[in-house]
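Predicted, not measured: the structure shown is a model, and the values here were computed from it. Heavy-atom basis, side chains included; hydrogens, waters and symmetry copies ignored.
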Amino acid sequence: MGTHTHTPVTPEVPMLTTLTVGLEGTDHSLAAADWAAAEAARRGAALRLVHAWAPRPLDVPVAADAEVQRKWAEDVLKEGERRVTAAHPGLEVGTRLLSDDPVSALVAESARAGLLVLGSRGHGTLVGHLIGSVALRVLRQATGPVVLVRRPREDDAERPAATGEVVVGVPDADEAVVAPALDLAFEAAAVRGARLRVVRAWTIPPVFAWSAGSSYLAAEAGGLEELQEQRLADVVRPWRERYPRVEVVEDVELGSAAEVLLARSGSACLLVVGRHAAGEHGVRRIGSVTHAALHHAPCPVAVAARP
């Protein structure tokens, strides 16, 4: 494994004016509200709490009429507002009840918000535990960055103490592909005064994938791992120059991308991953690494925007 560090300096951070939290009355969404409130306070931004609600038809088994259902929805927002204002008295907090399907409403909010924050069950024993949830469906369609936060679990006490380190996964891809994740990760590290760990996992390519040019580049770099380190350094360099005060560790490891990234996130305060470009009907495919992060990372997971 290769690591390289950069001497720390506080960069100018792009102004994020509003963070939006989608509340649904669960412990997971309250954890998301807690995280978003702390992040808004850290950034000097406003916090917007939203809850999507529409009366359920009479043939749906809900033991309440539309008026009672609406009161339940309003109570979700009131509870969230009380919670975050008690923890952060000076925070600017707004609430809004959205009369729409939750997925459609939150996707629309993601286009307006600087950051959309949602609760996530995560840590499912089955791979498909999160599949079909509102959070995942929103993530597939959202245009902006989305952070998924789970509530603390009993076994969190057994985890290593969080180091305050931000971790971002950077695949061997064009700058346009990795730029949104690096933007989000450097900004998060900057506002926290935290170290940023930029992680790249790599595997030994099959013989048939090698060309004379590939062999020459590896030889020039001193080996395959050294070539990956050089490539990662080249990608990260513009962000180092833009954020000279952020301490950066470039971490290259041989192995599965999901396993390497999850191993590095064990004591992190935030894990940042990328997202594939929008496909048909504006739906973005969520890759296997991002899926693994959403299911198993013990810390909040930020999924970067992607044009």
### Task
Run the numbers on Leu136 and Ile286 for side-chain contact (heavy atoms from CB on, under 4.5 Å), then give the verdict.
CA-CA 9 Å; Leu136 190 58; Ile286 299 173; 3.3 Å; yes
### Message
Checking Asp251 against Val198 for the side-chain contact (heavy atoms from CB on, under 4.5 Å) test, could you report, in this order, the C-alpha distance in whole Å, the side-chain angles of both residues, the deciding distance, and whether it holds?
### Response
CA-CA 6 Å; Asp251 190 347; Val198 184; over 6 Å; no
### Task
Determine, stepwise, if the pair Val199 / Val170 fulfils side-chain contact (heavy atoms from CB on, under 4.5 Å).
CA-CA 6 Å; Val199 179; Val170 179; over 6 Å; no
### Task
Decide yes or no on salt bridge (charged side-chain N to carboxylate O under 4.0 Å, His left out) for Arg200 and Glu229, but give the supporting numbers first.
CA-CA 8 Å; Arg200 170 168 294 173; Glu229 292 173 356; over 6 Å; no
### Query
Given the rule in the side-chain contact (heavy atoms from CB on, under 4.5 Å) test, do Asp172 and Leu232 qualify, once you have shown the distances and angles that lead to the verdict?
CA-CA 8 Å; Asp172 189 2; Leu232 181 59; over 6 Å; no
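No side-chain heavy atom of Pro300 sits under 4.5 Å from any side-chain heavy atom of Leu148. Contact of the Arg83 side chain with the Asp34 side chain is registered, since non-hydrogen atoms from C-beta on lie closer than 4.5 Å. Contact check for Trp202 versus Leu254: side-chain heavy atoms found under the 4.5 Å cut-off. At least one side-chain heavy atom of Val303 sits less than 4.5 Å from a side-chain heavy atom of Leu294. A 4.5 Å side-chain heavy-atom check between Val50 and Val21 finds every atom pair outside the cut-off. Between Arg70 and Leu97, the closest side-chain pair of non-hydrogen atoms falls below 4.5 Å. When side chains are defined from C-beta on, Val168 counts as touching Leu196, because their heavy atoms get closer than 4.5 Å. Residues Arg195 and Val249 have side chains in contact (heavy-atom distance under 4.5 Å, counting atoms from C-beta outward).
A pairwise comparison of heavy atoms in Arg150 and Ala31 identifies O-CB, 3.8 Å as the closest pair. Shortest non-hydrogen contact noted between Val147 and Ala302 is CG2-CB, 3.8 Å. Contact between Leu271 and Ala293 at its shortest, heavy atoms only, is CD2-CB, 3.7 Å. Thr18 and Ala45 get closest at one heavy-atom pair: N-CB, 4.2 Å. Scanning all heavy atoms of the two residues, the minimum distance from Ala52 to Pro102 falls at CB-CA, 3.5 Å. Closest heavy-atom contact between Val117 and Ala32: CG1-O, 3.6 Å.
In summary, Glu74 and Lys71 do not engage in a salt bridge, as defined by a charged side-chain N under 4.0 Å from a carboxylate O. Checked for salt-bridge contact, Arg242 and Asp183 meet the test: a charged N lies under 4.0 Å from a carboxylate O. Taking the charged nitrogens against the carboxylate oxygens, Arg231 and Asp234 have no contact shorter than 4.0 Å, which rules out a salt bridge. Using a 4.0 Å cut-off between a side-chain N of Lys or Arg and a carboxylate O of Asp or Glu, Glu250 and Arg197 do not qualify as a salt bridge. Between Arg192 and Glu39 there is a salt bridge, since at least one side-chain N of the basic residue sits less than 4.0 Å from a carboxylate O of the acidic one. Between Glu165 and Arg264 no salt bridge is recorded (no basic side-chain N to carboxylate O distance below 4.0 Å).
Note that the CG atom of Leu115 and the CG atom of Leu19 stand 5.0 Å from one another [nearest 0.5 Å]. Leu47 contributes atom CG, which lies 9.5 Å from atom CD of Glu81 (distance to the nearest 0.5 angstrom). Here the straight-line distance linking atom CG of Leu118 with atom NE2 of His28 works out to 12.5 Å at 0.5 Å rounding. Between atom CD of residue Glu92 and atom OG1 of residue Thr17 there is a gap of 9.5 Å, rounded to the nearest 0.5 Å. Rounding to the nearest 0.5 Å places CG of Leu139 at 8.5 Å from NE2 of His291. Atom CG of Leu98 is separated from atom OG of Ser104 by 11.0 Å, given to the nearest 0.5 angstrom.
Hydrophobic clustering keeps Trp35 apart from Leu30 (ILVMFWY residues linked when any side-chain heavy atoms are closer than 4.5 Å, directly or through intermediates). There is a path of hydrophobic side-chain contacts, each under 4.5 Å, that joins Leu91 to Val149. Hydrophobic clustering of Ile, Leu, Val, Met, Phe, Trp and Tyr side chains at less than 4.5 Å, counting indirect connections, keeps Leu262 apart from Val252.
Under a 3.5 Å cut-off, the side chain of Arg275 and the backbone N or O of Ala142 do form a donor-acceptor pair. Formation of a donor-acceptor pair under 3.5 Å by the His51 side chain with backbone atoms of Leu23 is found in this model. In this structure, Thr85 contributes its side chain and Arg82 its backbone to a donor-acceptor pair below 3.5 Å. Between the side chain of Ser29 and the backbone N or O of Thr26, at least one donor-acceptor pair lies under 3.5 Å. Looking at Thr290, its side chain does come within 3.5 Å of a backbone N or O of Gly274 through a donor-acceptor pair.
For Arg42, the CZ atom counts as densely surrounded, since its 6.0 Å shell holds more than 12 non-hydrogen atoms of other residues, nucleotides or ligands.
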